[in-house]
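Structure record follows, encoded as structure tokens.
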Amino acid sequence: VLIISFSVDSFTQRLKQRIIRLLRPSHAFASAPASLDSISQLLSQNGFRVVASAAVVPGLSADIIIVAERVARARDT
């Protein structure tokens with residue numbers, strides 16, 4: 001089992017970033033947010049599958065927690 005945290009890119013997060021940039025130009029955002037699909041694809045390419053995911057603070061935070069597990073390959077069994 002693998003538990004990871006990612007910053008997810010979404011319309012609401014981009015809108016929030018624009019508003020914060022106007023109010024607080026020096027604010028530092030996550031360096032490379034990604035879509036949930038691209039995160040799932042990256043995990044899949046490395047032999048994992050997403051079991052569950054949950055937003056840390058829906059609507060306010062771009063962070064999500066992902067639980068993944070290694071996919072058994074024929075030679076692993």
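No hydrogens, no waters, no symmetry mates; every other heavy atom, side chains included, goes into these values.
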| query | What salt bridge (Lys or Arg N to Asp or Glu O under 4.0 Å) pairs are there with at least one residue in residues 1-16, not counting sequence neighbours? | reply |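 As it turns out, the salt bridge (Lys or Arg N to Asp or Glu O under 4.0 Å) pairs with a partner in residues 1-16, which skip direct neighbours, are Asp9-Arg14.
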
| message | Once salt bridge (Lys or Arg N to Asp or Glu O under 4.0 Å) is applied, what residue pairs with a partner in residues 33-43 remain, sequence neighbours excluded? | response |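 Those involving residues 33-43 do not exist here.
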
| Between atom CD1 of Ile39 and atom CD1 of Ile64, what is the distance when rounded to the nearest 0.5 Å? |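 The CD1 atom of Ile39 sits 4.5 Å away from the CD1 atom of Ile64.
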
| message | Using 0.5 Å steps for rounding, measure from the CG atom of Leu43 to the CD1 atom of Ile4. | response |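 Going from CG on Leu43 over to CD1 on Ile4, the span is 4.5 Å.
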
Scan the side chains in residues 46-55 for donor-acceptor partners under 3.5 Å anywhere in the protein, sequence neighbours excluded, and list what turns up.
| residue | atom | partner | partner atom | Å |
| --- | --- | --- | --- | --- |
| Asn46 | ND2 | Leu42 | O | 2.8 |
| Arg49 | NE | Glu69 | OE2 | 3.0 |
| Arg49 | NH2 | Glu69 | OE2 | 2.5 |

| field | Contacts of type side-chain contact (heavy atoms from CB on, under 4.5 Å), residue Ile65, not counting sequence neighbours | value |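 Partners of Ile65 under the side-chain contact (heavy atoms from CB on, under 4.5 Å) test: Ile3, Ser5, Val56.
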
| query | By side-chain contact (heavy atoms from CB on, under 4.5 Å), which residues pair with Leu15, not counting sequence neighbours? | reply |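 Only Phe11, Ile19 meet the side-chain contact (heavy atoms from CB on, under 4.5 Å) criterion with Leu15.
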
| task | May I ask you to decide if Ser40's main-chain N or O and Ser44's side chain share a donor-acceptor pair within less than 3.5 Å? | result |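 Checking the backbone N and O of Ser40 against the side chain of Ser44, no donor-acceptor pair under 3.5 Å is found.
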
| Is there a path of hydrophobic side-chain contacts, each under 4.5 Å between heavy atoms of I, L, V, M, F, W or Y residues, that connects Leu2 with Leu36? |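 Shared cluster, yes.
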
| field | Under the side chain to side chain donor-acceptor pair (under 3.5 Å) test, residues paired with Ser35 that sit two or more places apart | value |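 For Ser35, the residues satisfying side chain to side chain donor-acceptor pair (under 3.5 Å) (neighbours in sequence not counted) are Ser38.
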
